[in-house]
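For ligands, and for the atoms within them, numbers begin at 1 and follow the listed sequence.
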Amino acid sequence: MSGLVEIKDLSVDIIKGRGAKAKVLSILRHIDLSVEKGRVLGLVGESGCGKTMSVLALLGLLPEGGRISSGQIFFQDRDITNLPRREMEGIRGKHITMIFQEPMTSLNPLLSIGEQMREILLQHEGLSGKTNRDKCISLLQAVNIPEPEKIYDYFPFKLSGGMRQRVMIAMALACEPELIIADEPTTALDVTTQAQILDLFDDIRRRINSSFIFVTHDLGVISEIADRTAVLYAGYVMEECSVAELFEKSLHPYTDGLMRSRVGRKAGNRGQLYSIPGTVPLPGTLIQGCPFAPRCEFRTERCDKEVPPLIETEKDHKVRCWRYHHGG
Ligand SMILES: Nc1ncnc2c1ncn2[C@@H]1O[C@H](COP(=O)(O)OP(=O)(O)OP(=O)(O)O)[C@@H](O)[C@H]1O
Ligand SMILES: [Mg+2]
């Protein structure tokens, strides 16, 4: 059975500069990901690992100079890799929607909440007049916005960060998309609001059968919301498994490092916070072997020379590490 989204062997480069001085930065490398219908895939990894780039590639929104250098992206069994802009616009906003970290950057400050919501429903669903307004109000209600009739006429600056994020979620839900992508949707919020928004996501996924890709650097968020997780590092998928397995028997030393950083924080540990030594390699750094090798306590000679393949160690659990590669 194929999933709602299938990303196969996707590599993305960004070309900086022009002519003889142009430099090719390798951003994503041979990424394989899939999202089943009605399921939540969590994407985790430290800053700069390629989480946002992966979802931008899927949406056909790579930044300037970005190009897909290998692989394919399928959505509902349709190959949408490098789809013409017009066709991709028809998919974005209706079938796939995105919620960003900072809603102020995606809300238009010059238009009221109602005007912005109305436009989506008009453009994608052809709704106008009272039908359109009623739908907007019910969407605002669905994301627990108090006094939705009033908020409908508000401009974004009048709302708190949490309320703006709720509006963004309402907009993302407007056309009942098959896939909702949320990129760090709670990071900019205080802890209480964060918890409320996570509850809201949970509620939504129970009510409608949309699939989610949830991008976060926070494993706590993953444990609450996701079914499966892909751990990214330097543009590679290092491990991919169910959330239960991630917490019970993660395999990759990098995943363990992320996990330990979290446990240290949770246990209080008298302020002694574990952090993985070293830093994420910058794009453009020459990597010959495993990208995590310089920070890995299990590093061997082979790790410095060859990139390990992503192998399935047991059913539905994949890892990219020589420690689990027997034979060959
Ligand atoms: N426009 C750009 N030009 C060049 N490099 C870029 C550009 N945008 C992103 N990158 C690089 O691509 C890599 C992946 O970036 P990405 O934004 O996907 O990381 P991320 O995992 O989402 O990190 P964060 O947690 O900080 O959001 C990073 O090294 C980043 O510096
Ligand atoms: Mg990001």
### Task
Could you tell me whether a side-chain N or O of R166 sits under 3.5 Å from a main-chain N or O of L140, the two making a donor and an acceptor?
no

### Message
Is the shortest side-chain heavy-atom distance between V167 and L159 below 4.5 Å?
### Response
yes

### Task
Please report how many protein N/O/S atoms lie under 2.8 Å from the Mg ion (ligand 2).
1

Side-chain donor-acceptor pairs of residues 277-289 under 3.5 Å, sequence neighbours excluded:
| unit_1 | atom_1 | unit_2 | atom_2 | d |
| --- | --- | --- | --- | --- |
| T285 | OG1 | L282 | N | 3.3 |
| T285 | OG1 | L282 | O | 2.4 |

### Task
Report yes or no: is the cationic atom of R205 (NZ for Lys, CZ for Arg) under 6.0 Å from the centre of the six-membered ring of F212, at an angle within 45° of the ring normal?
no

#### Entry: Nearest option to atom 9 (C) of ligand 1, as decided by whichever heavy atom of M53, K51, E46 sits closest
M53

### Message
Can you tell me which portion of T52 lies within the under-4.0 Å heavy-atom range of ligand 1? Options are side chain, backbone, both, or neither.
### Response
both

### Task
Using only heavy-atom distances, determine whether the side chains of S70 and S11 contain a donor-acceptor pair under 3.5 Å.
yes

### Query
Would a distance-only check, ignoring hydrogens and angles, find a side-chain to backbone donor-acceptor pair under 3.5 Å from D9 to H30?
no

### Query
Which residue from G284, G235, P63 reaches closest to atom 1 (N) of ligand 1 through any of its heavy atoms?
P63

### Query
Honestly, is K158 close enough over F155, meaning NZ or CZ under 6.0 Å from the six-membered ring centre and within 45° of the axis?
no

### Query
Counting each atom of ligand 1 from 1 as listed, which ones have a heavy atom of S47 under 4.0 Å away?
23 (O), 24 (P), 25 (O), 26 (O)

#### Entry: Pair K94 + E125: basic N to acidic O under 4.0 Å
yes

### Query
Are the side chain of Y254 and the backbone N or O of M238 linked by a donor-acceptor pair below 3.5 Å?
no

#### Entry: Closest candidate by heavy atom, reference atom 4 (C) of ligand 1, pool K23, Q101, K16
K16

### Query
Closest non-hydrogen protein atom to atom 12 (O) of ligand 1, residue and atom name please, with distance?
I27 CD1, 3.4 Å

### Message
List the residues meeting ring pair (Phe, Tyr, Trp, His ring centres under 6.0 Å) with F214, not counting sequence neighbours, and say none if there are none.
### Response
F201

#### Entry: Nearest-neighbour protein heavy atom for atom 6 (C) of ligand 1, which is reported as residue plus atom name and distance
I14 CD1, 3.7 Å

### Summary
Counting from 1 in the order shown, the ligand 1 atoms closer than 4.0 Å to a non-hydrogen atom of G48 are 13 (C), 14 (C), 19 (O), 20 (P), 21 (O), 23 (O), 24 (P), 26 (O), 28 (C), 29 (O)

### Query
What protein heavy atom is closest to atom 30 (C) of ligand 1, reported as residue, atom name and distance in Å?
P283 CG, 4.3 Å

### Query
Can you find a non-hydrogen atom of G50 under 4.0 Å from ligand 1?
yes

### Task
Would you please name every residue forming a salt bridge (charged side-chain N to carboxylate O under 4.0 Å, His left out) with K249, sequence neighbours left out?
E245, E314

